[in-house]
Amino acid sequence: MNSGGRTIRRGIAANYALVVICVVLLGAVGGYLTYTTHVDPGTTTETRESSSWQSSGAFSHQATVVNGTTAFSKGTVLRNRSVYFRELSPTLNGTFTYAYKSQDGNLTTETTVTLRYRAVEASDDGNRTTYWEVTRPLTQDRTEAVGPTERATVPFSTNASAAIERAQRIDAEHGNTPGQLDIAVVARVDVSGTRNGQRVDTTNTYRLPIVAGGSVYRVADPGVVTASGSQTQRETVPAEYGLLRRAGGPLALSLAVGALLGLLYARHTERLSISEAERRWADYRTARSEFDDWITTGQLPSHTGEPTAITVETLNGLVDVAIDTNNRVIEDVSGKEYVVFVDNRMYRYEPPAEPPTGGDPSEYNSDDHDVLTDQAEPETTNPSQLQAAPSEQDTPTDN
């Protein structure tokens with residue numbers, strides 16, 4: 001097992017109860033999400049459109065040429081144009097049509113078409129000032145029963161050229177107001193009855209403006225003007241969840257079950273047990289990393305002197321000696337020995353052998369690699385003959 005694996009195993013072994021609790025919590029969350037998503041998702045209330053409707057009002061118009069010209073012979077019918085001629089075709093004829101669409105309905109329409117004259121001035125704040133207003137009926141009120149596929153039509157006719165002259169005369173009677181003359185064919189539709197099972201009682205107004213322009217008059221046809229609406233109802237439906245929850249719940253549950261079984265098996269087979277050799281090796285590597293600033297790598301030459309050798313059991317203890325005596329720890333380039341020279345004494349430490357990287361840790365006999373085994377006395381090194389490898393801490397500086 002490599003050092004990373006040993007570190008993980010040590011962490012799990014040291015915090016086994018906490019790891020098991022975390023795995024159980026993960027499984028509980030995964031189980032809850034799985035049950036509430038796939039087994040009993042519950043219900044939710046949604047608002048859905050049950051029916052809809054749309055009404056429309058539109059004008060069609062035409063003018064017949066009564067004074068023929070080179071371009072337009074007498075009797076020519078000009079249809080749905082934006083501009084007509086006051087002298088050639090003064091009379092504007094048209095039809096207003098109202099219709100609606102819905103799932104079902106039974107409506108009664110009462111339509112009135114009038115010609116409205118007025119002088120209006122718009123202000124900077126968006127409001128309008130109406131100086132005067134006069135209306136003249138173009139048709140008698142027409143009442144019709146209209147179904148969802150039927151139309152209510154009302155014809156009308158007005159002399160547009162004469163209407164422009166009349167509006168100018170009325171404005172002159174009021175001293176030629178600063179307002180703008182506004183002439184329009186206005187269709188008012190009173191609608192009553194039922195539509196999609198709902199009671200309807202409303203009034204809709206549609207306008208067809210006529211604008212004077214010298215020898216012509218313009219018809220500002222708005223096209224088809226529509227209104228729409230819908231009816232909604234609340235329904236209880238099964239709750240639906242996103243892909244993350246649908247897949248995440250079972251995945252978390254599966255991982256938790258697998259991890260828990262693995263932990264129980266590892267503990268039962270003592271695969272989480274840490275051997276004495278592994279513990280000693282881990283302590284050594286931790287100390288080596290922690291006290292790196294106090295350690296210098298050097299070449300220990302052949303031993304010529306015989307200073308008193310004192311063996312220290314841990315690298316931490318050897319570093320304490322170096323700190324107390326203001327010396328550095330020398331690590332042999334082979335990595336098999338650390339020493340500190342203090343006067344005629346040498347303090348030394350031999351690191352433990354790295355445990356095997358494979359096999360069952362319980363089968364590893366730490367006694368075979370104990371650093372304090374009986375062996376030949378090591379040769380000693382005279383501090384004057386020590387050759388230190390250059391490092392940032394030990395390289396001399398030119399003064």
Side-chain angles (χ1 to χ4, degrees), residues 55-69 71-99 109-122 128-144 146 151-174 176-177 179-191 203-227:
S55 64
S56 63
F59 291 93
S60 62
H61 45 86
Q62 62 187 41
T64 302
V65 176
V66 295
N67 298 311
T69 65
F72 300 100
S73 60
K74 183 178 179 179
T76 300
V77 179
L78 308 177
R79 300 179 186 277
N80 296 319
R81 293 169 60 97
S82 60
V83 178
Y84 296 96
F85 304 97
R86 294 181 63 177
E87 294 295 331
L88 274 64
S89 53
T91 302
L92 182 68
N93 302 309
T95 301
F96 171 76
T97 302
Y98 175 84
T109 62
E110 183 178 344
T111 307
T112 303
V113 180
T114 59
L115 184 64
R116 185 181 64 192
Y117 312 86
R118 63 182 180 178
V120 180
E121 182 181 28
R128 287 188 173 189
T129 300
T130 301
Y131 292 99
W132 55 266
E133 181 175 324
V134 176
T135 61
R136 182 174 69 86
L138 296 181
T139 63
Q140 297 293 329
D141 293 350
R142 176 172 293 190
T143 302
E144 297 183 57
V146 183
R151 298 180 179 183
T153 60
V154 180
F156 64 88
S157 179
T158 184
N159 189 317
S161 181
I164 293 171
E165 293 175 356
R166 185 183 183 191
Q168 292 171 344
R169 286 196 306 270
I170 296 174
D171 195 56
E173 293 174 358
H174 295 81
N176 294 319
T177 65
Q180 183 177 2
L181 294 181
D182 179 50
I183 306 170
V185 176
V186 179
R188 170 176 169 163
V189 184
D190 295 323
V191 182
T203 298
N204 301 321
T205 302
Y206 305 88
R207 297 176 63 252
L208 181 67
I210 299 174
V211 182
S215 63
V216 300
Y217 60 92
R218 302 179 185 278
V219 178
D221 192 342
V224 179
V225 178
T226 62

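Just so we're clear, the structure is a prediction, and the values are computed from it rather than from any experiment. Below, all heavy atoms of this structure are taken into account, side chains as well, without hydrogens, waters or symmetry copies.
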Practice task
Kindly say whether the aromatic ring centers of F96 and Y206 come within a distance under 6.0 Å.
Solution key: yes
Practice task
Run through I183, I164, V211 and flag the one making a side chain to side chain contact (heavy atoms under 4.5 Å, CB included) with Y217.
Solution key: I164
Practice task
Say whether, by atom type as modelled, one donor and one acceptor occur between the side chain of R142 and the main chain of T153 under 3.5 angstrom.
Solution key: yes
Problem - D141 and R188 ion-paired at < 4.0 Å - result: no
Exercise for the section: Find out whether H61 and Y84 are in side-chain contact, i.e. whether some heavy atom of one side chain is under 4.5 Å from a heavy atom of the other. Expected result: yes
Problem - Qualifying side chain to side chain donor-acceptor pair (under 3.5 Å) pairs with a residue from residues 89-99, counting only residues at least two apart or across chains - result: N93-S157
Exercise for the section: Search all heavy atoms of T177 against all heavy atoms of A119 and return the closest pair with its distance. Expected result: OG1-CB, 3.5 Å
Practice task
Please assess F72 against F85 for the test ring pair (Phe, Tyr, Trp, His ring centres under 6.0 Å), listing each intermediate value before the final yes or no.
Solution key: CA-CA 11 Å; F72 300 100; F85 304 97; 5.7 Å; yes
Exercise for the section: Count the heavy atoms of every other residue, nucleotide or ligand shown that sit under 6.0 Å from CD of Q140, and state whether that count exceeds 12. Expected result: no
Fill in the blank from the handout: Taking every heavy atom of V186 against every heavy atom of R207, the minimum-distance pair comes out as CG2-CG, 4.3 Å
Exercise for the section: Using the test side-chain contact (heavy atoms from CB on, under 4.5 Å), find all partners of R136 that sit at least two apart in sequence or belong to another chain. Expected result: L115, Y117, L138, T158, R166
Completion exercise
salt bridge (charged side-chain N to carboxylate O under 4.0 Å, His left out) pairs touching residues 71-83, sequence neighbours excluded, are none
Practice task
Salt-bridge test for R169 and D171: reply yes if a basic N is under 4.0 Å from a carboxylate O, no otherwise.
Solution key: no
